[in-house]
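Working notes, beginning with the structure itself.
Numbers restart at 1 for each chain; the letters A, B, ... are given by sequence-line order, proteins then strands. Reckoned from all heavy atoms, side chains included, excluding hydrogens, waters and symmetry mates.
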Amino acid sequence: MSEIDTPTPYEPRSIEPKWQTRWTERATNTAKLDAPERPFYALMMFPYPSAEGLHVGNLFAFTGSDISARFHRLIGHDVFQPLGFDAFGIHSENYALKVGAHPMELTPKNVGNFTRQLERAGFMIDWNQKVDTSRADYYKWTQWVFLQLHKQGLAYKKAAAVNWCPTDKTVLANEQVEGGLCERCGTPVEQRFLEQWFFRISEYAPRLLNNLDWLDWSPITKQAQRNWIGKSEGAELTFEVPSSGERIAVFTTRADTIYGATYLVLAPEHPLVASITTDAQRGEVAAYQERATKQDLISRKSSKEKTGVFTGAYAVNPATGQNIPIWIADYVLMEYGTGAIMAVPGHDERDFEFAQVFRLPVVRVVAAADQQADTPFDGAAFTDDDKDCRLVNSGRFDGLAVRDAKREVTAWLAEGGHGKGVTNYRLHDWCISRQRYWGPPIPIIYCDDCGAVPVPESQLPVELPFIPDFKPDDSGISPLARHEEWYRVPCPTCGKTARRETDVSDTFLDSAWYFLRYPSATRDDVPFDAARTKTWLPVNSYIGGNEHAVLHLLYSRFITMVLKDAGHIDFEEPFTRFRAHGMIIREGAKMSKSKGNVINPDLYMEEWGADAFRMYLMFLGPYEEGGDFRDQGISGVRRFLDRLWASVRDAVRDGSPDPDVIRKLHRTIKKVGEDTANLGYNTAIAAMMEYMNAVRRGERVPHRAEVEPLVQLVAPYAPHLAEECWEALGHEGSVFNAGWPTFDAAQLVDDEVELVVQVNGKLRGKLRVAADVTQEAVMAQAMADEAIAKFVVGTPKKVIFVPKRLLNIVV
RNA sequence: ACCCGGGUGGUGAAAUCGGUAGACACGCGAGACUUAAAAUCUUGUGCCCCGAAAGGGGCGUGCGGGUUCGAGUCCCGCCCCGGGUACCA
């Protein structure tokens, strides 16, 4: 053995590739899929493989997820952590259009680059089970999922408005429209009517809402879903139109205000408009309807000025028996409720505004405690409905509290055949049609004789052909519709020449079931293997961004429910636990390409090492809130890793460890374990740093027993260095098979504590006392301390003693 | 407008139950090592005031009230920032 003059420094550049290679060679990250003892499915939201490569936001998300997965493995679970690529969809296609490439050629390149970066970062991913939504062996089963919904009657076709960008000549998804403008070119988006496929997610609204009560999800995510589902309890009331014999149904949450309903308003698209409109008004009404439909959805919703037209018809208010005029106006939306409202201008802001513009009568039917039946409106509607508000000008209901009146008025109207209590949901059916190229063709064939025929499951996949002219054009139909050789097929039922559906499905359908595919990713005969699914699902831990709270996360829950109802699986919630991570900003500002302040993870990993980069991302703020990336901050984490390595390298085996350090170690084990389990990564790292400061104060050479457990604690955070240290300590196998250190509760109790002494709540001194000291003894000790005693003038009025914490003397 | 988050030093941030505000880290100051620098190590670092120093005092968690022996934490009323939804009846 030769003495080495220069001790080996910490060199992430050499040890990180070394361990990445070993993990692959030794299959360290491969899960025991078929006979796990304690299966734990750790899932992170899969990325869309952009050409720019991994964004630091991806790395932040994945690192937090990876730490959780590695931690669960260390505490004894068989962890399965797969990853794949959300490679189909408009994002990929738009990028291909921008750079003039073909998505079918671009995607594998991007996937390759992503895979390299993910390996570079050292994630514990089981790459045997990867998924790529744009490959036929995956989207075959996406099409299968569509067919299951179709079979259940949950997929249907109807004409609906889509967003159309006249510059890009393409249909846009809602999420690609920002403030009424195309996100790519800034052109105002227009509205077009096209035949589209929808999924009946609205039928599942009550179940999607109710299950939130027991799901272990981040509260912010649950709240977002509740808002999106938008449960609204109210009543559907009917108004008769004597002139035409029609009955108009309206939805209201304020049935109590029926006596103040002075007119009705229908959405311009309402089906009854044509039959009730009088001849005199017909021209004006038609003109208004035309204008409303032509106008795009966004500007209609954003311009709040009230417009409308009188139909010439009247309806009978069932409460007052009076005839009230029927108007049409675009502030009433056909998509919500019944597409018609009873207008109560006295108690609804929008109705009030409308009534002002068209000089319609405003009647007070609700009054607060300090108001009378004839208190005038002060230029605005009175919308309060709290317990002090009572009905006025409402016949037999006068004096009733609003709360009770809602119920009683509805019951009374129901008795007279004028309505019933109903619950409405804001959630709309899910439009899954995309007039685009880069997605799974919807597996439907149109036959003149047989109608819309589902493609038989045995004929899946309906492969997406390679076509060079994938660019969408002005026609509003999918590029696939330009390829007769592809869409012309025999009808599966009668054999007559028929035509394939040329639209593809929404990217969100690809990702609405991918978690089911991972454990069975290598099977090509079934979408998911029954035994594996039973073993691994539902997902134990799902971590991702809250931007998907209402799209991906809701769709996944819906698809899971449908598959359960169809008997394919035996659970209806896909993710037992979901945690939303925060967002990373840089030097106080949002990162964006235009600002040129985007972090390139490769550069940081090159300079500081993947472990330091991972750990810094976790240290800069609470994981669930995100944080501010400061370029200088990473040096502190790197210093910690340098010191860890040096401590392990220099650790002595002889003699015994310092008992004070060991006591601190046990506290650290407890804290790091608890914090890591709760995603409190920043404070877990702080605790490890604090411990390191005790282990390696000055030139102190630590004992092996002081540093070895720390290597295990740091392993989820800095996996490469942990392995290197573990090996340096003489261990053969991976540190990830070594378990998690346990703490000794006896080491946590102090026999001596520092007690704070306050006088009138102000800190005046600190005393070291035995943990079980009595109040009398502390009091005596405090009064013997001149620095404290000088503030105690006269006899104390009161003394508060909190054992192990403080003594407060009140004078 | 509504619904969620959040506001703490020069900076990123800590703070189970109401109990030492500012852990940990960056930055900065001082010192050791060095011919020098870097690296490393030691040490100081909320603000203000008195003091040569030792030391002492006051103030302090967005603003204004309140509860309490004691409030970053609880209650009432505001202001500001971030996110989501939005003519949803």
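Using a 4.0 Å heavy-atom criterion, one finds that A:Phe619 contacts the bases of the nucleic acid, with or without backbone contacts as well. Using a 4.0 Å heavy-atom distance criterion, A:Lys222 is classed as making no nucleic acid contact. Nucleic acid contact for A:Arg639: sugar-phosphate only, since backbone atoms but no base atoms lie under 4.0 Å from a heavy atom of the residue. Within the 4.0 angstrom heavy-atom criterion, only backbone atoms of the sugar-phosphate kind lie near A:Arg764; the bases stay farther away. The residue A:Arg630 sits close only to the backbone: its heavy atoms come under 4.0 Å of sugar-phosphate atoms, none of a base. Nucleic acid contact class of A:Phe791 (heavy atoms, under 4.0 Å, all strands): sugar-phosphate only.
Of the residues in residues 669-687 of chain A, those lying under 4.0 Å from RNA chain B by heavy-atom distance are A:Asn682, A:Thr683, A:Ala686.
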Using atom names, set out every protein N or O paired with an N or O of nucleotides 17-20 of chain B below 3.5 Å, distance rounded to 0.1 Å.
unit_1, atom_1, unit_2, atom_2, d
B:U20, O2, A:Lys766, NZ, 2.8
B:U20, N3, A:Glu754, OE1, 3.4
B:U20, O4, A:Glu754, OE1, 3.1

Table of protein N/O atoms under 3.5 Å from nucleotides 42-50 of chain B N/O atoms:
unit_1, atom_1, unit_2, atom_2, d
B:U42, OP1, A:Gly698, N, 2.6

For nucleotides 1-5 of chain B, list the nitrogen or oxygen atoms of the protein found under 3.5 Å from its nitrogen or oxygen atoms, one pair per line.
unit_1, atom_1, unit_2, atom_2, d
B:C3, O2', A:Gln223, NE2, 3.4

What N/O pairs connect the protein and nucleotides 75-77 of chain B at under 3.5 Å? Give each pair on its own line.
none

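Pair assignment for B:G46: B:C59, on the basis of Watson-Crick or G-U wobble contacts that are both within less than 3.5 Å. Figure legend. B:A21 is base-paired to no nucleotide; pairs are counted as Watson-Crick or G-U wobble with both atom distances under 3.5 Å. Across all strands shown, B:G31 forms a Watson-Crick or G-U wobble pair, both distances under 3.5 Å, with B:C41. In a base pair of the Watson-Crick type (N1 to N3 plus N6-O4 or O6-N4) or a G-U wobble (N1-O2 and O6-N3), with each distance short of 3.5 Å, B:A1 is matched with B:U85.
For A:Lys664, there are no side-chain hydrogen bond (donor to acceptor under 3.5 Å, both in side chains) partners, not counting sequence neighbours. A search for ring pair (Phe, Tyr, Trp, His ring centres under 6.0 Å) contacts involving A:Phe198 returns A:Tyr156, not counting sequence neighbours. Under the side chain to side chain contact (heavy atoms under 4.5 Å, CB included) criterion, A:Ala580 pairs with A:Ser218, A:Ile220, A:Thr221, A:Asn546, A:Phe578, not counting sequence neighbours. A:Phe619 meets the ring pair (Phe, Tyr, Trp, His ring centres under 6.0 Å) test with no other residue; sequence neighbours excluded. For A:Phe377, the ring pair (Phe, Tyr, Trp, His ring centres under 6.0 Å) partners at least two apart in sequence or on another chain are A:His347. For A:Trp608, the side chain to side chain contact (heavy atoms under 4.5 Å, CB included) criterion is met by A:Tyr604, A:Ala612, A:Ile634, A:Ser635, A:Arg638, not counting sequence neighbours. Remark: A:Ala235 pairs with A:Leu237, A:Ala255, A:Thr410 by the side chain to side chain contact (heavy atoms under 4.5 Å, CB included) rule, at least two apart or across chains.
Under the side chain to side chain contact (heavy atoms under 4.5 Å, CB included) rule, A:Val273 has a single partner from A:Ile326, A:Val309, A:Ile328, which is A:Ile328.
Side-chain atoms of A:Tyr331 lie closest to B:C87 of the nucleotides B:A14, B:G27, B:C87.
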